[in-house]
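Only a predicted model underlies this, so the values are computations on that prediction, with no experimental measurement involved. Hydrogens, waters and symmetry mates play no part in the numbers below; they use all other heavy atoms, side chains included. Throughout, residue positions are numbered sequentially from 1 according to the sequence presented.
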Amino acid sequence: METCAQRSIKHCLGMIAPFESSDQQSEKGQFEFYQLMVSIYQGMYESPEEYLVFPAPYEEYLVNLQKRATQKKKEKEHISDSRESTLRNTFQQAIQFYALYFYNLGLKSIGVDEQTGSLAVPKEDYKYVLKQMERIHDAKYNVQRYERLVRIGVQTEEKDDTVYITHKVYKDAMSGLQYLCKTPDSKYKWMNFLRLDYKNAYAPIPTVDDICKTLSVGSAAIVKRLEMCLTGMKTKARIKPLRGIVSDFKWKVEYSFKGKNICGFYADREYLMLCLYFNHFQNITELAGTIYEEDRELFQWFKAQFPERLCKCPSNRRVYFGEEPRRICGLSNRAEIVNPDTEDVERALYILRRYRNMHGQAEKEL
């Protein structure tokens, strides 16, 4: 049975970009580092413990949680469980240990030896990298993690004041590592590294088309339908950088018009949530009243897309669907359509057009 840790590892594989070389001269090195990292995730999925990723503590905690019947608390109450969060962060940091280690080495490297293909890192900087890696949960297993890297072919040799790192099979992989790490600093640099996204390594931002390549066929089609609906309207797509690629991290894209968000989505290979933004909670009540008069079936669907939030946050707001009050998050003021089918998408697009028309946008713009 697949554990939560294995699902996170699979999520990492699913979020990696398709291999597209950005430089013919360094294509071999790029592909070899790509192969190396994919093989690490694949091996980790098959045998997590061999990579010092331990699924059991988190799984056991979830079982005990259910036995104690403390999981009656609903998501809408925004109940946080610090123990669950710590255990989840522990195995997720272990999963990303190997990528983070290579990334830090690449940042500190002073070049790649042309004859041996080894990455050169000053000795003091190498010690600094090892010190940085001690910050993760369960850092007590780091020595075994380095030993695991040795067993899969990573070789480290110290000469004078420099440490040289290479791979006995993927002999050009370190040049592919350095290519990703020596790109200009940007908010997408770490994300591009995690995703092994050579195509966008030197580009300012990834594109929605790049995102669609990591989604299921159905989800990609829905995103493209949304984009087609927005064609001709002067919207701006803002893609939030991923800070990780384990299962907690999903693509987040927001489309704004004249400085205000109007729609967007969260997505990964197994999940898609379309969002419609209404900017102010009173706009939701107003639109609900209009839809109620026009189409009762659509009204019921519309009402179902607003999850109730019972937290005591000062931004909590009360909206009305007819006579029925509901508390929502006043920070987002949005409808959330989770894993929509074709009919849901068309309803969402109709709602979007209807709302924009009510607020002065010409119908031809959407």
Side-chain angles (χ1 to χ4, degrees), residues 69-81 218-219 222-223 225-230 233 235 238 240 250 252-267 271-366:
T70 58
Q71 223 170 13
K72 292 179 181 178
K73 298 171 182 177
K74 298 179 181 178
E75 180 272 339
K76 65 184 181 181
E77 295 177 290
H78 288 275
I79 299 299
S80 61
D81 184 334
S219 292
I222 288 172
V223 170
R225 174 75 180 95
L226 175 63
E227 290 234 308
M228 185 178 71
C229 179
L230 298 173
M233 187 178 181
T235 57
R238 294 183 294 186
K240 183 178 180 180
K250 296 175 175 60
K252 179 183 179 182
V253 179
E254 294 174 334
Y255 296 90
S256 62
F257 181 75
K258 293 185 177 180
K260 293 183 178 180
N261 292 337
I262 61 171
C263 61
F265 65 87
Y266 291 77
Y271 177 89
L272 174 65
M273 182 174 76
L274 292 182
C275 299
L276 305 180
Y277 295 93
F278 300 98
N279 306 124
H280 195 277
F281 70 97
Q282 291 178 346
N283 292 336
I284 299 169
T285 298
E286 178 188 4
L287 182 59
T290 300
I291 296 172
Y292 181 82
E293 296 299 327
E294 294 179 355
D295 187 333
R296 300 295 171 86
E297 183 179 348
L298 181 61
F299 170 80
Q300 293 298 327
W301 178 89
F302 180 67
K303 180 174 68 172
Q305 310 313 313
F306 292 86
E308 187 168 22
R309 307 298 189 190
L310 300 180
C311 56
K312 296 180 180 179
C313 169
S315 298
N316 194 276
R317 293 291 182 269
R318 181 171 294 175
V319 298
Y320 288 86
F321 296 95
E323 298 298 321
E324 179 185 336
R326 180 174 301 176
R327 287 166 57 184
I328 68 165
C329 176
L331 292 175
S332 60
N333 295 306
R334 70 188 184 194
E336 300 178 358
I337 304 101
V338 177
N339 292 328
D341 58 24
T342 303
E343 185 177 9
D344 291 328
V345 173
E346 295 309 315
R347 283 175 166 172
L349 293 176
Y350 173 80
I351 293 289
L352 179 59
R353 287 191 293 266
R354 191 73 184 84
Y355 174 70
R356 301 310 303 174
N357 291 339
M358 286 175 60
H359 288 260
Q361 286 306 128
E363 190 167 355
K364 64 181 180 181
E365 289 186 314
L366 273 176

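N261 has its side chain out of reach of C275: every pair of non-hydrogen atoms, C-beta onward, lies at least 4.5 Å apart. Contact annotation: the side chain of S256 never approaches that of T235 to less than 4.5 Å [non-hydrogen atoms, C-beta and beyond]. Counting heavy atoms from C-beta outward, L276 and Q305 have side chains that stay 4.5 Å or more apart. In this structure, the side chains of V253 and R238 stay at 4.5 Å or more apart for every pair of heavy atoms. At least one side-chain heavy atom of I291 sits under 4.5 Å from a side-chain heavy atom of I351. Annotation: side chain of E294 is not in contact with side chain of L298 (no heavy-atom distance under 4.5 Å). Residues D341 and D344 have side chains in contact (heavy-atom distance under 4.5 Å, counting atoms from C-beta outward). Residues V319 and F306 have side chains not in contact (no heavy-atom distance under 4.5 Å, counting atoms from C-beta outward).
Take Y271 and apply the side chain to side chain contact (heavy atoms under 4.5 Å, CB included) test, not counting sequence neighbours, and it matches K250, Y266, D268, M273, V338, N339. Shown here are the salt bridge (charged side-chain N to carboxylate O under 4.0 Å, His left out) partners of R347, two or more places apart in sequence or in another chain: E297, E343. Partners of R318 according to the side chain to side chain donor-acceptor pair (under 3.5 Å) rule, which considers only residues two or more places apart in sequence or in another chain, do not exist here. Taking N279 as the reference, nothing meets the side chain to side chain donor-acceptor pair (under 3.5 Å) condition, with sequence neighbours excluded. The salt bridge (charged side-chain N to carboxylate O under 4.0 Å, His left out) test applied to R317 returns no partner, not counting sequence neighbours.
At least one donor-acceptor pair closer than 3.5 Å links the side chain of N316 to the backbone N or O of R309. R327 contributes a side-chain N or O that, together with a main-chain N or O of C311, makes up a donor-acceptor pair within less than 3.5 Å.
In summary, the aromatic rings of Y292 and F321 are positioned with their centroids too far apart to meet the 6.0 Å limit.
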Would you give me the side-chain donor-acceptor pairs under 3.5 Å for residues 281-289, sequence neighbours excluded?
unit_1	atom_1	unit_2	atom_2	d
N283	ND2	F278	O	2.8
N283	ND2	Y355	OH	3.1
T285	OG1	Y320	N	3.1

Could you walk me through whether K260 and Y277 pass the side-chain contact (heavy atoms from CB on, under 4.5 Å) check?
CA-CA 9 Å; K260 293 183 178 180; Y277 295 93; over 6 Å; no
R326 vs E308, test: salt bridge (Lys or Arg N to Asp or Glu O under 4.0 Å). Steps then yes/no.
CA-CA 6 Å; R326 180 174 301 176; E308 187 168 22; 5.1 Å; no
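Taking 4.0 Å as the cut-off between side-chain N and carboxylate O, E254 and K240 do not count as a salt-bridged pair.
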